[in-house]
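Below: one structure, written as structure tokens.
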Amino acid sequence: MARKEKGKVRVRIAPSPTGYLHLGTGRTALFNWLYAKHHESEFILRIEDTDRERSEKKYEDDIFSGLAWLGLDYDEGPLPDGGDKGPHAPYRQSQRTSLYRQHLESMLLAGSAYYCFCKKDELDTERQSLEAQGLAPVYSGRCRSLSQAEAVTRLANGESAVIRCKVPNQKLVFEDLIRGKIEFDLKLIGDIVIAKNLENPLYNFAVVVDDASMLITHVIRGEDHIANTPKQIVIQQALGLPKVHYAHLPLILDPDRSKMSKRYSAVAVSSYRKEGYLPEAIMNFMALLGWHPEGDKELMPLNELIAEFDLGRIQKAGAVFNAEKLDWMNGQYLRKLSDREILQKIKTISDQSEKKNKLTEAQELKIVNLLKSRLKKLSEFSELTGFFYELPSYNSELLLWKEMSSKETRDVLRIIISSVEKMDQEINKSSAEQALAPIVAQWGRGEVLWPLRAALSGEKSSPGPYEIMEVLGKTETLNRLQKAVEKITS
RNA sequence: GGUCCUGUCGUCUAGCCUGGUCUAGGACAUCGCCCUUUCACGGCGGAAACACGGGUUCAAAUCCCGUCGGGACUACCA
């Protein structure tokens with residue numbers, strides 16, 4: 001894959017700290033990040049906290065830690081400790097009000113924006129009546145022709161007002177890198193509110209000012225922003241700011257094909273972390289939701305993703321989030337890890353203190369090795385391996401193999417016991433296999449191995465009996481076999 | 001309702017721009033077989049889609065039009 005020239009683009013992710021880092025935001029961040037890395041250029045983080053009411057510190061922290069966990073590092077932007085990274089001021093909108101104020105004032109002065117004194121409830125009724133007639137809910141423009149002098153007087157009298165941008169009565173076309181030309185009729189939009197007042201800009205305005213001041217070249221964001229784009233372009237033109245390229249990503253959908261929401265699935269990046277998904281797997285999976293490389297490859301490490309990422313290969317329609325495929329992919333990545341790495345990760349997500357019987361690290365490493373192939377997420381580990389720590393209660397029928405009678409099963413178990421008793425304290429897979437070989441030869445594999453395995457695990461399914469014996473050791477093996485005999489006798 | 005976006009297996013998708021090589025390829029899930037004491041892993045195989053209707057063309061999943069379906073947006077939120 002050919003590399004594009006370096007330093008040509010600057011992209012950003014602009015989450016608002018009004019909720020935990022959403023998977024959709026994570027994917028948008030990933031696409032921006034991949035685009036930046038592919039072009040060997042900058043990826044910027046900007047915290048959009050203009051809505052003071054709804055923005056919270058804990059959400060901001062969650063954004064930082066989620067991005068860090070995924071490995072989405074940024075070149076410029078705010079730091080978790082309140083500092084900033086990169087040449088510009090901290091990229092929190094709440095810390096840039098003077099910048100917005102300047103631009104607001106210049107628009108007001110130029111007459112491309114004006115104060116609007118209309119009352120909110122009046123506007124609401126107007127809107128409702130318009131909608132009832134099947135018309136677009138457009139502002140009437142009543143305050144548009146107010147003179148600046150009059151506005152100043154009314155403001156001085158303490159009247160409350162918002163700031164609107166004059167939107168021209170014409171069509172606007174922009175080129176979307178994913179969808180091609182998109183056309184809007186601006187008269188259906190009307191004069192939009194761009195700020196509550198000089199100190200409190202609104203989203204569409206702040207975005208435009210920030211993207212320009214941060215020299216953003218490409219705005220890559222969710223499809224839900226398509227309708228905002230013409231508004232932003234109008235503001236941008238009014239301010240005389242340079243154009244940017246737009247690319248609107250298809251949305252991640254729930255199985256009912258609506259925008260992914262917590263009603264249906266886990267949407268917080270942090271919850272996937274807690275569930276025991278690997279960031280590599282999440283990244284690979286998210287990249288494939290709406291994007292696809294050339295060819296049939298699906299398991300792609302980050303460097304390949306970066307090398308092959310291309311906006312031209314992004315899907316137009318939304319993608320349903322398929323948790324089963326994520327599980328499969330996570331399993332694939334899990335299996336590439338060493339036993340030790342897996343064990344370490346398991347310990348970071350689960351509370352070890354409540355384990356009844358402690359096993360040595362060597363034993364735990366063996367368990368990881370045995371369970372690796374059936375592990376899809378780290379969080380499954382404890383239920384999959386509980387029997388190693390404590391024999392679960394089970395029904396004696398579990399011990400019976402196919403047509404075998406209770407009596408036969410008990411006999412086999414007893415023979416097994418006597419041969420295990422002759423073994424060394426240290427059991428390993430091959431010594432166990434060797435010791436039991438004569439019994440297997442006499443009775444048959446299923447006839448010996450099933451009751452043995454069932455007695456040792458108390459589970460319908462588990463790793464093989466020799467492997468379990470190796471982990472359990474002679475004493476505990478004998479214990480469990482003894483218990484099985486009692487169970488089947490009573 | 002209005003505006004905009006969108007429509008290939010159940011799901012993610014390749015192919016579409018540059019019509020023929022597509023009796024439409026891959027992956028997850030599913031079914032069957034093999035491996036196997038069980039489950040998983042792995043291997044092999046099966047079932048499974050071009051929304052519909054018109055055009056254009058010798059030829060359409062691919063180009064054009066329409067219909068229908070799905071979604072997003074519709075705040076003094078972002």
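Only this structure's heavy atoms are used, side chains among them; waters, hydrogens and symmetry mates stay out. Keep in mind that what you see is a predicted model, and the values were worked out from it rather than measured. Chain naming here is simple, since letters A, B, ... match the order of the sequence lines and numbering starts at 1 in each.
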### Task
Determine whether the aromatic ring centres of A/Phe174 and A/His245 lie less than 6.0 Å apart.
no
### Message
Whole angstroms only, please: what is the OH-P distance between A/Tyr203 and B/A75?
### Response
15 Å
### Query
Any donor-acceptor pair under 3.5 Å joining the side chain of A/Asn322 to the base of B/A29?
no
#### Entry: Protein-nucleotide distance (A/Glu183, atom CD; B/C5, atom P), rounded to Å
9 Å
#### Entry: A/Lys316 or A/Pro463, whichever maps to the more 5' nucleotide of RNA chain B
A/Lys316
### Message
Just the rounded figure in Å: distance from C1' of B/C76 to NZ of A/Lys231.
### Response
13 Å
### Query
Contact class for A/Asn200 (heavy atom, under 4.0 Å): base, sugar-phosphate, or nothing?
nothing
### Message
On the six-membered ring of A/Tyr139, is A/Arg164 placed so that its NZ or CZ lies under 6.0 angstrom from the centre and within 45° of the ring axis?
### Response
yes
### Query
Touch check for A/Phe184, heavy atoms < 4.0 angstrom, all strands: base, sugar-phosphate only, or nothing?
sugar-phosphate
### Query
When the ring planes of A/Tyr277 and A/Tyr272 are compared, do they come out parallel, tilted or perpendicular, using 30° and 60° as the limits?
tilted
## Note on the structure
Assert: residue with more 5' nearest nucleotide on RNA chain B, out of A/Arg257 and A/Ser461, is A/Ser461
### Query
Think A/Arg27 forms a cation-pi with A/Phe31, using NZ or CZ under 6.0 Å from the six-ring centre and within 45 degrees of its axis?
yes
### Query
Is A/Lys259 side chain donor-acceptor paired with the B/A72 base, going by distance under 3.5 Å alone?
no
### Task
Pick base, sugar-phosphate or nothing for A/Ile163, based on heavy-atom distances below 4.0 Å to the nucleic acid.
nothing
### Nucleotide B/C4, atom P - distance to CZ of A/Phe174 in whole Å
12 Å
#### Entry: A/Ser430-A/Glu433 side chain donor-acceptor pair, cut-off 3.5 Å
no
### Summary
Per atom distances to the A/Leu202 side chain, the nearest of B/C76, B/C5, B/U11 is B/C76
### Query
Looking at B/A40, does its base get a donor-acceptor pair with the side chain of A/Ser373 below 3.5 Å?
yes
### Message
Both distances below 3.5 Å, Watson-Crick or wobble geometry, any strand: find the nucleotide opposite B/A78.
### Response
none
### Task
Nearest whole angstrom, please: distance from the P of B/C41 to the CG of A/Asn369.
16 Å
### Separation of atom NZ in A/Lys120 from atom C1' in B/C76, rounded to whole Å
6 Å
### Task
Determine which nucleotide pairs with B/G53, using a 3.5 Å limit on both distances of a Watson-Crick or G-U wobble pair.
B/C65
#### Entry: Under-3.5 Å donor-acceptor pair between A/Arg54 side chain and B/C77 base
yes
### Task
Using the C1' atom as the reference point in each nucleotide, state the distance between B/C50 and B/A24 in Å, no decimals.
8 Å
### Nucleic acid contacts - residues 441-451 of chain A versus RNA chain B, non-hydrogen atoms under 4.0 Å
A/Arg445, A/Gly446, A/Leu449, A/Trp450
### Summary
Checking B/C76, B/C5, B/U13 against the side chain of A/Arg179 (C-beta onward), the nearest is B/C5
### Message
By the 4.0 Å heavy-atom rule, please label A/Ser160 as base, sugar-phosphate, or nothing.
### Response
nothing
### Task
Scan every strand shown for a Watson-Crick or G-U wobble partner of B/A72, both distances under 3.5 Å, and answer none if you come up empty.
B/U3
### Residue matched to B/U30 through Watson-Crick or wobble contacts both under 3.5 angstrom
B/G46
### Query
Is NZ or CZ of A/Arg154 both nearer than 6.0 Å to the six-membered ring centre of A/Phe117 and within 45° of the ring axis?
yes
### Task
Under 4.0 Å between any heavy atoms, over every strand shown, what does A/Pro465 touch: base, sugar-phosphate, or nothing? Just pick one.
base
#### Entry: Any-strand Watson-Crick or G-U partner of B/C9, both distances under 3.5 Å
none
### Message
Looking at A/Tyr394, I'd like to know if the NZ or CZ of A/Lys487 sits under 6.0 Å from its six-membered ring centre while staying within 45 degrees of the ring's axis.
### Response
yes
### C1' atoms of B/A14 and B/U8, separation to the nearest Å
10 Å
### Query
For atom P, what is the distance between B/G69 and B/C33, given to the nearest Å?
43 Å
#### Entry: Aromatic plane relationship, A/Phe285 with A/Phe321 - under 30° parallel, 30 to 60° tilted, over 60° perpendicular
perpendicular
### Query
What nucleotide among B/A29, B/U3, B/U37 has an atom nearest to a side-chain atom of A/Leu188?
B/U3
### Task
Ignoring the backbone of A/Lys325, work out which of B/C28, B/C4, B/G1 is nearest its side chain.
B/C28
### Task
Please state how far atom NZ in A/Lys377 lies from atom P in B/A40, giving the value in whole angstrom units.
17 Å
#### Entry: A/Arg453 (side chain) donor-acceptor with A/Pro465 (main chain) under 3.5 angstrom
no
### B/G15 and B/A27, which share atom name C1', separated by this distance in whole Å
16 Å
### Task
Taking atom C1' in both B/C77 and B/A61, compute the distance separating them and give it to the nearest angstrom.
42 Å
### Query
With both distances under 3.5 Å as the test, what is the Watson-Crick or G-U wobble partner of B/A14?
none
### Query
Expressed in whole Å, how much space separates the P atoms belonging to B/A48 and B/G10?
11 Å
### Task
Between B/C4, B/C28, B/U6, spot the one nearest the side chain of A/Glu324, thanks.
B/C28
### Task
Please state the P separation for the pair B/G26 and B/C44 - nearest whole angstrom.
12 Å
### Task
Give one of base, sugar-phosphate or nothing for A/Val162, where a contact means two heavy atoms less than 4.0 Å apart.
base
### Query
Is any side-chain N of the basic residue among A/Lys377 and A/Glu275 closer than 4.0 Å to the acidic one's carboxylate O?
yes
#### Entry: B/C68 versus B/C34 - spacing of their C1' atoms, nearest Å
47 Å
### Task
Using distance alone, with no hydrogens and no angle criterion, decide if A/Asn428 and A/Tyr466 have a side-chain donor and acceptor under 3.5 Å apart.
no
### Query
For A/Gln315 and B/G7, is the shortest distance between a side-chain N/O and OP1 or OP2 below 4.0 Å?
no
### Query
Cut-off 3.5 Å, side chains only: do A/Gln128 and A/Thr125 have a donor facing an acceptor?
no
### Closest to the A/Ala319 side chain, choosing from B/U13, B/C5, B/C76
B/U13
#### Entry: Those residues that, when tested against A/Val219, pass side-chain contact (heavy atoms from CB on, under 4.5 Å) (two or more places apart)
A/Arg12, A/Asp211, A/Ile216, A/Arg221, A/Val244, A/Tyr246
### Message
Tell me which residues in residues 326-337 of chain A lie within less than 4.0 Å of RNA chain B, going by non-hydrogen atoms.
### Response
A/Trp328, A/Gln332, A/Arg335
### Task
Measure from the side-chain heavy atoms of A/Ser258 and tell me the nearest of B/U38, B/G71, B/C4.
B/G71
### Task
Return yes if a side-chain donor-acceptor contact under 3.5 Å exists between A/Arg96 and A/Ser213, otherwise no.
yes
### Task
Return the value, rounded to whole Å, for the distance between atom CD of A/Glu298 and atom C1' of B/U13.
7 Å
#### Entry: Distance test, side-chain N/O of A/Arg313 to OP1/OP2 of B/G15, below 4.0 Å
yes
